[in-house]
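Report on one structure; see the data block that follows.
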Protein chains: 2
Amino acid sequence: MATKRQQLLDFAVLGLLHEAPMHGYEVRKRLDLAIGPFRALSFGTLYPALRGLVEEGYLVERSTDGPNTSRRPRIVYELTEHGRARFGELAGGGDDAAYDDESFALRLAFFARTEGTARLRILQGRQARLEERLAAIRRDAASGDSWSRLLTRHTEESLVRDLRWLAELIAAERGSSSTPGTLTDPNHPAFQPPRLGAPN
Amino acid sequence: MATKRQQLLDFAVLGLLHEAPMHGYEVRKRLDLAIGPFRALSFGTLYPALRGLVEEGYLVERSTDGPNTSRRPRIVYELTEHGRARFGELAGGGDDAAYDDESFALRLAFFARTEGTARLRILQGRQARLEERLAAIRRDAASGDSWSRLLTRHTEESLVRDLRWLAELIAAERGSSSTPGTLTDPNHPAFQPPRLGAPN
DNA sequence: GCTGCATGTATCGGCTCGATATATCGACAC
DNA sequence: GTGTCGATATATCGAGCCGATACATGCAGC
C-alpha cells in the first residue's frame, strides 16, 4: 500500500528520531542539511506523514510546552519501541529495496545503525543496480550525436568509478567483523539532541 | 504558468519532432531510450501535453491512416513553424533555465540544434550549478558519521571531475566558431524518420 | 487458431510539490 | 519602545504527475 517514496520518508524520519525526539520543522531541516542528498520535501508531505506514523503506533506526540505559555503549541514526536522495530525492518531492505541514488544515500546515512548482514546486502544491491545502468549505457553507446555521446562517455566513466568505489566498500565490509568499529562514529550531528527553540 | 517540468517536456517533444512527425507512443519510446537520462514519463502526462501543444499551435495533428482501414486511428503530430520558433526559445534557456542533471542532459541531447551563444550560456550555467553543489558539500564535509563521510568524499571527487569535464567542453566551445563542425553529427537515431508500424 | 508480446491511445486515483496563510520569537536598528 | 526582518513552526490547497489499468490491433511462434 505504501509508496516507495513514503517508505523512504518513514525510514528517514524513524532514523532521525532514533536518538532524540523532535518536531516537524527540525526533522525537515535535518533531512535538508544533514542527510544531504535526500531531496527536500515539503511540509505538505512531511506533516501528514508524521501523523500517519503516530496513527500506526511508531511515534507518539509529546508536547514540551507548559500549559501557561502563550506560544503556539509545538508537537514533539518520540519514537516508540514499535517504531524502533519498524526502522530495523526498513533498514534491512524490506520487501522491495530500492537502490536508486536517493535511497542508497539515505541508507548509507543510517548505516551505523544497520545490521552487518543488511549492510552487505544493500551494498551489493546498489552494485547490481549500477552494473545494470552501465550495461544499458554501453548498449547504445554509439547512439546520439557527438554531443550526446560526449555525455554518455563521461557518464560511463563515472559509473565505472562508482563501481570501483563500491567494490572497495564491499571488500572492507566483508573483511571486518559484523561491527566495523573503526569506521563507526557516534558523533553524527544529526544525532545530537536538537535544541528546541525557546527554553520554557 | 507552465511548470518547469512541463517546459522541459515541451522542449523534448519539440526537439524530437524537429526531424520527423511521430505519434505519441514513438515519442515516449525515444524519450526513454534515445534521450537516456530523461526520466520515463507516463502516457498520462505525455498525451495531455501533446494535445496542449496542438492547442497552442506548436503542433498539428495528421492522420496517416486511410479511411478504409479497421485499424485504430493513430495520431501523428507534426511541428509547425510556430513550434520550431518555440523550440528555439526553450533551447536558449527561456526565462528560468534549470541546470539540474535531467535538464542539462536533455539540453545536451539537442545541442546540435542549439545556437552557439546559447550553448555557451548553458554550459556555464551548469558549471555554476555544480560549483554551488560542491561548495555546499564542502561546507559540511565533516558532518555525518564515517559512513556518510565516505559518501560525501566520493561525491565531492565526482563533482570535481564533472567540473573538469565541463571546463573542457567550455574551452572547446569557446575555441571553435559558432558552428562546431567536427563535433556535430547529423546521424542521430533520434532524428531518423520513425517507422510508423504497419505500412498502409 | 491460440497465446503472448509489442504497438497504440486513453483515463483515473492518489500522492507530491510549491505556494500560501498564520503566528510567535529573537535580533538589530532607530 | 517599537518597527521590521528573518527564523521558527504548523497547516492547507490547487495543480500536476506517476503508476496502474483498460481497451484494441498487429505480428510472430507454435
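Residue numbers begin at 1 in each chain, while the letters A, B, ... track the order of the sequences.
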For the pair made of [atom1] in [X] and [atom2] in [N], what is the distance, rounded to whole Å?
X	N	atom1	atom2	result
A:Arg28	D:dA11	CZ	C1'	14 Å
A:Tyr47	D:dC13	OH	P	16 Å
B:Asp32	D:dC18	CG	C1'	13 Å
A:Leu46	D:dT8	CG	P	15 Å
A:Glu61	D:dA9	CD	P	16 Å
A:Leu8	C:dC15	CG	C1'	15 Å
B:Met22	C:dT9	CE	P	12 Å
B:His23	D:dG26	NE2	C1'	13 Å

If only atom types and distance count, is the side chain of [X] paired as donor or acceptor with the main-chain N or O of [Y] below 3.5 Å?
X	Y	result
A:Thr114	A:Ala91	no
B:Arg28	B:Phe43	no
A:Arg121	A:Gly92	yes

Ring geometry between B:Trp165 and B:Phe104 (parallel below 30°, tilted from 30 to 60°, perpendicular above 60°):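 Ring orientation of B:Phe104 relative to B:Trp165: perpendicular.
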Whether A:Phe11 and A:Phe110 hold their rings parallel, tilted or perpendicular, with breakpoints at 30° and 60°: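 The rings of A:Phe11 and A:Phe110 stand perpendicular, inter-plane angle above 60°.
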Exercise: do B:Ser158 and B:Thr155 side chains pair donor with acceptor under 3.5 Å: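 Not at all, the side chains of B:Ser158 and B:Thr155 share no donor-acceptor pair under 3.5 Å.
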Tabulate protein N/O versus nucleotide N/O from nucleotides 16-19 of chain C, keeping only pairs under 3.5 Å, one per line.
from   : atom 1 : to      : atom 2 : distance (Å)
C:dC17 : OP1    : A:Arg5  : NH2    : 3.3
C:dC17 : OP2    : A:Thr45 : OG1    : 2.6

Minimum-distance nucleotide (side-chain atoms of B:Arg51 versus D:dT8, C:dA10, C:dG8):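 The listed nucleotide nearest to B:Arg51's side chain is C:dA10.
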Out of D:dA9, D:dT10, C:dT9, whichever nucleotide has its closest atom nearest the side chain of A:Ile75: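 Looking only at side-chain atoms, A:Ile75 lies closest to D:dT10.
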Contact under 4.0 Å: A:Tyr25 side-chain N or O vs D:dT8 OP1/OP2: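 For D:dT8, OP1 or OP2 has a side-chain N or O of A:Tyr25 closer than 4.0 Å.
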Approximate separation, where rounding is to 0.5 Å, of B:His82 NE2 and B:Tyr58 OH: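 Answer for the NE2-OH pair, B:His82 versus B:Tyr58, is 4.5 Å.
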